[in-house]
Visitor: 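This is the structure I have questions about; it appears just below.
Residue numbers count from 1 along this sequence. Ligands are counted one by one from 1 in listed order, and the atoms in each one are counted from 1 as well.
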Amino acid sequence: MSASLQLSVEQIASFREQGFLVVPELAPRDELPRMRAIFERLFRERVGWERGAFFDLAGVDEEGRPAKLPQLLKPANFAPELRELRTVANAAAMARQLLGPETTAWFEHAILKPPGCGPATPWHQDEAHRNDPGTAYEQLSIWLPLQDATAENGCMRFMPGTHRGRVLEHRSPQSDPRVMALECVAPFRAEEAVVCPVPLGGATVHHARTLHGAGENVSREPRFAYILAFRGAMRPDPEFLGYPWNQEKRTAAQERRRVWENRGGAFGRAGRQVLRRLGLK
Ligand code: NI
C-alpha cells in the first residue's frame with residue numbers, strides 16, 4: 001500500500017462522525033484501463049446469468065428484456081485476475097484502518113448504470129440487506145467508479161451520521177418482492193444529503209448503516225462501479241432475527257441460482273461439459 005493511501009487521523013475521524021469518506025486516490029493509474037475492460041466484457045457477456053449472479057437490480061429481471069440496472073455479484077469468480085489488483089489490496093488495507101485488524105473481505109459486486117436512462121439507485125442502508133440472523137459485525141463498502149463519477153452520471157450521495165442510528169424500515173421498490181433492490185421508507189431529510197462526485201481512480205467509502213443512494217445516469221456514457229465490501233470482527237447476536245423485507249423476496253435471480261445449485265453448481269456444469277465431450281450427453 002502506498003503511503004498516499006494511509007488514511008489520516010482526520011479521515012478516520014470523519015468516517016466515524018459522518019459514516020462516509022471520499023478518497024481521491026485508491027486505484028493505481030495503470031490498473032484502471034484493465035479494470036474497465038474487464039467490467040465491459042463481464043457486462044457485455046452477461047456472465048453468471050444462469051446462476052443468478054447477474055441480474056437486474058431495479059427491475060423484475062425478465063429474460064429477453066434489457067436490464068434497467070445490471071448488477072453482477074462476485075465478479076472475481078468470472079475474472080480471477082481482479083484478485084491480483086493492487087487496487088483490491090489498497091481497499092483491504094483501508095478497510096482494516098477503519099474496521100480494525102480482524103477485518104476480512106466480505107463480498108464484491110459491480111453495477112452498470114446505462115447511459116441516458118439508468119435509473120436512480122433507491123435510498124437504502126446496505127445493512128438492511130443482511131440476511132444472516134444470529135450474528136453482528138460492522139461492515140463497509142468501498143465504491144470505485146471506473147470513470148469519473150459525477151452528479152450527471154449517478155455518483156453516490158449520503159445522509160451524514162445515519163450510521164449512528166438504527167436500521168430503518170425498508171421495502172422492495174413499488175412493494176414488488178421480485179425486485180432485488182431495497183428502498184428506505186422511513187422519513188429522512190433528503191435535502192441534507194451530501195452528493196459525492198469522485199474522480200477516476202478515487203472511491204467513496206461508506207458504513208453499511210449509512211443511508212445512501214445514487215442518482216440517475218443522464219449522461220451519454222455508461223457508468224461502471226466496482227464495489228468491495230469488508231466486515232470487521234464477528235460476534236454472536238441472538239437478538240438479530242433478520243428483516244421481514246428480505247424474507248419476502250422472490251426474485252428471478254434467486255430462482256435461477258436455486259436451479260443452478262440443484263444441478264450441481266460449478267461442479268455440475270464441469271461434469272456436464274466432460275460428458276458432452278465424451279459424447280455421453
Ligand atoms: Ni448500497
Side-chain angles (χ1 to χ4, degrees), residues 15 18-23 26 39 53-59 61 67-75 91 94-95 98-99 105-114 118-132 137-146 149 151 153-174 179-186 188 190 192-198 202-217 223-232 242-243 245-246 249 251 253:
F15 178 80
Q18 303 288 313
F20 66 93
L21 194 61
V22 178
V23 183
L26 177 80
F39 284 103
F54 185 107
F55 55 87
D56 188 353
L57 185 57
D61 212 18
K68 292 187 213 170
L69 193 57
Q71 167 154 265
L72 174 62
L73 302 182
K74 301 185 182 173
M94 192 162 68
L98 294 168
L99 293 182
W106 179 210
F107 65 91
E108 29 121 41
H109 59 121
I111 298 176
L112 163 59
K113 191 161 280 198
T121 309
W123 284 98
H124 67 281
Q125 293 162 299
D126 293 341
E127 199 174 333
H129 282 281
R130 274 193 58 200
N131 209 1
D132 45 5
Y137 49 87
E138 272 196 293
Q139 179 185 323
L140 61 73
S141 287
I142 298 175
W143 187 91
L144 178 86
L146 296 174
N153 70 9
C155 66
M156 295 283 275
R157 46 201 187 192
F158 301 101
M159 288 298 294
T162 42
H163 66 304
R164 287 183 269 115
R166 51 191 184 81
V167 174
L168 302 166
E169 189 175 348
H170 284 66
R171 69 171 179 199
S172 299
Q174 295 90 48
V179 180
M180 192 71 91
L182 287 173
E183 67 180 358
C184 177
V185 289
F188 64 94
E192 291 174 7
V194 179
V195 177
C196 290
V198 187
T204 61
V205 188
H206 65 273
H207 192 279
R209 200 171 282 191
T210 305
L211 188 60
H212 64 282
E216 297 175 338
N217 180 5
R223 192 226 68 189
F224 291 90
Y226 184 27
I227 302 134
L228 295 147
F230 296 87
R231 64 181 177 186
Y243 299 114
W245 49 79
N246 290 327
K249 285 282 186 201
T251 72

Visitor: For Pro114, is there any backbone N or O sitting under 3.5 Å from a side-chain donor or acceptor partner on Asn217?
Guide: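 Checked: pair present.
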Visitor: Regarding His206, does it place an N, O or S atom less than 2.8 Å from the Ni ion (ligand 1)?
Guide: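 Here the distance criterion (N, O or S atom, under 2.8 Å) is not met by His206, so no.
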Visitor: I want to know whether Phe15 and Phe20 have ring centres closer than 6.0 Å.
Guide: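 Ring-ring flag for Phe15/Phe20: false, centres at least 6.0 Å apart.
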Visitor: Measure from the side-chain N and O atoms of Asp56 to the backbone N and O of Leu69, and report whether any donor-acceptor pair falls under 3.5 Å.
Guide: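 A pair under 3.5 Å: yes.
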Visitor: So if I apply the side chain to side chain donor-acceptor pair (under 3.5 Å) rule between His212 and each of His163, His207, Gln125, His124, which one comes out positive?
Guide: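 Of all the options given, the one that passes is His124.
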Visitor: Looking only at N, O or S atoms in Asp126, which is nearest to the Ni ion (ligand 1)?
Guide: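 Restricting Asp126 to its N, O and S atoms, the minimum distance to the Ni ion (ligand 1) goes to OD1.
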Visitor: Taking 2.8 Å as the cut-off, does His129 contribute an N, O or S atom near the Ni ion (ligand 1), distance below it?
Guide: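 No N, O or S atom of His129 is closer than 2.8 Å to the Ni ion (ligand 1), so no.
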Visitor: Once rounded to 10 degrees, what value does the angle at the Ni ion (ligand 1) take between NE2 (His124) and NE2 (His212)?
Guide: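 Rounded to 10°, it measures 90°.
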